[in-house]
Amino acid sequence: MSKLISKWNYPTTVRFGAGRIKELPEVLAATGIKRPLFVTDPGLAKLPVVASTLKILDDAKVPYGVFSEVRPNPVESNLTAGIAVFKKGKHDGVIAFGGGSALDLGKLIAFQAGQTRPVWDFEDVDDWWTRANSDAIAPIIAVPTTAGTGSEVGRAGVITNEATHTKKVIFHPKLLPAIVIADPELSVGMPGFITAGTGMDALAHCLEAYCAPGYHPMADGIAVEGVRLVFENLPKAYANGKDLVARAHMMSAAAMGATAFQKGLGAIHSLSHPIGALYDTHHGMTNAVFMPYVLAFNRDAIEVRIARLAAYCGIKGGFDGFAKAIIKLRKELKVPHALPGLIKGLDMDKKRKGLIADMAVVDPTAGGNPVKLTKKAALTLLENAIAGTV
């Protein structure tokens with residue numbers, strides 16, 4: 001029993017259901033936000049879903065500002081610009097609206113606007129989060145429009161250091177949004193590529209959390225059900241973007257993945273992060289590419305667990321059956337089987353491969369892999385993902 005010792009933290013208030021975006025003014029009042037900064041991405045900012053949401057604020061006579069300078073993989077300059085807008089507008093909270101990039105940056109604006117130290121001083125390392133002035137962190141409302149990262153129920157934000165081209169995870173308990181509005185109607189307009197990529201991100205979160213070593217049965221249970229929901233609903237949401245039931249289940253799976261991965265992630269993410277930072281690829285789609293290669297690499301440590309997971313999901317054939325189901329799902333979603341299908345004109349020399357391997361082994365997610373990720377192993381996985389050899 002001595003190993004059955006752990007610390008568990010679980011998420012926040014979630015108002016889940018179609019049409020609940022109409023409750024945004026009520027949610028603002030509940031969190032004490034009187035002058036929010038609405039943070040979204042530039043593509044979403046042009047769509048009717050943002051216009052209709054801002055009209056809800058207008059009708060409620062809520063004064064607000066809008067910031068949409070968010071790259072697909074947010075960088076420090078985006079954060080600096082957002083903080084400037086936050087301060088100039090004298091905002092007292094953030095509505096983070098969109099996919100993982102907008103959610104992460106919105107959260108980080110609310111967090112960093114009141115700090116005096118550089119954002120890199122709060123990386124998810126040891127207890128660095130205690131360096132922050134907690135009283136200076138503005139409240140956050142999160143409104144996801146995709147079903148992938150689950151950032152709406154997370155206590156961290158990911159941002160790329162432009163100087164070093166590395167993704168950094170910034171952590172603080174108060175980065176957890178005070179209230180989430182999870183309205184599946186907001187995700188209906190997602191293009192197929194984004195539906196597939198974000199959905200596979202949710203699957204990666206659930207799968208890696210379940211496989212991570214350590215004792216966390218609540219995370220395991222949530223991850224297992226999250227995997228089942230993805231297998232049953234992602235193909236439906238991809239085939240018919242207006243399938244509101246499938247969209248709702250995927251939005252649940254995304255939140256479940258982010259709730260579960262406090263247990264840990266693994267090599268799918270630790271390899272995906274440097275690729276995303278260096279090539280600006282879609283994070284979820286990059287995870288999807290690496291998934292079967294990492295699954296095979298970890299086989300000896302997770303075969304029994306995966307067989308149990310496969311049985312729960314109604315997949316026959318144990319580990320092999322589950323691995324084939326992953327490949328089949330990727331094909332249905334038109335996920336490239338290898339990295340050259342994701343990155344056009346990919347020509348990676350030995351030095352660049354070594355750099356990616358070095359970045360992967362020091363990524364915070366590497367420690368959660370069930371098999372130790374050495375540089376040699378990272379290089380092998382990278383080579384396999386380039387050649388398409390599982």
Query - Residues which pass side chain to side chain donor-acceptor pair (under 3.5 Å) with D183, listed by chain and number, not counting sequence neighbours - result: none
Query raised in the report: Quick check: are there more than 12 heavy atoms from other residues, nucleotides or ligands sitting under 6.0 Å from NZ of K353?
Result: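 More than 12 heavy atoms, drawn from other residues, nucleotides or ligands, come within 6.0 Å of this atom.
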Query raised in the report: More than 12 non-hydrogen atoms from neighbouring residues, nucleotides or ligands closer than 6.0 Å to CG on D349, yes or no?
Result: yes
Query raised in the report: Taking it one step at a time, do L57 and L28 satisfy side-chain contact (heavy atoms from CB on, under 4.5 Å)?
Result: CA-CA 10 Å; L57 297 180; L28 287 167; 3.6 Å; yes
Query - Side-chain heavy atoms of I181 within contact of L186, under 4.5 Å - result: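 Side chain of I181 against side chain of L186, heavy atoms only: no contact under 4.5 Å found.
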Requested in this report: Return yes if a side-chain donor-acceptor contact under 3.5 Å exists between D220 and H216, otherwise no.
Outcome: no
Query - Donor + acceptor pair across side chains of E232, H249 (<3.5 Å) - result: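 There is no such pair between these side chains.
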Query raised in the report: Among K167, M291, H283, which one satisfies side chain to side chain contact (heavy atoms under 4.5 Å, CB included) with S272?
Result: H283
Report task. Going by the side chain to side chain contact (heavy atoms under 4.5 Å, CB included) test, name the single residue among I343, L339, N287, V289 that passes it with T281. Result -> I343
Residues 135-145 side chain polar contacts: donor-acceptor under 3.5 Å, at least two apart:
none

Report task. Measure up the H172 and W129 rings against each other and bin them: parallel (under 30°), tilted (30 to 60°), perpendicular (over 60°). Result ->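 Perpendicular.
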Requested in this report: Check the pair H282, T198 against side-chain hydrogen bond (donor to acceptor under 3.5 Å, both in side chains), reporting the backbone distance first and the verdict last.
Outcome: CA-CA 9 Å; H282 185 276; T198 54; 5.9 Å; no
**Report entry** Residue pairs, two or more places apart or on separate chains, that pass ring-ring contact (aromatic ring centres under 6.0 Å, His included) and touch residues 362-390
**Finding:** none
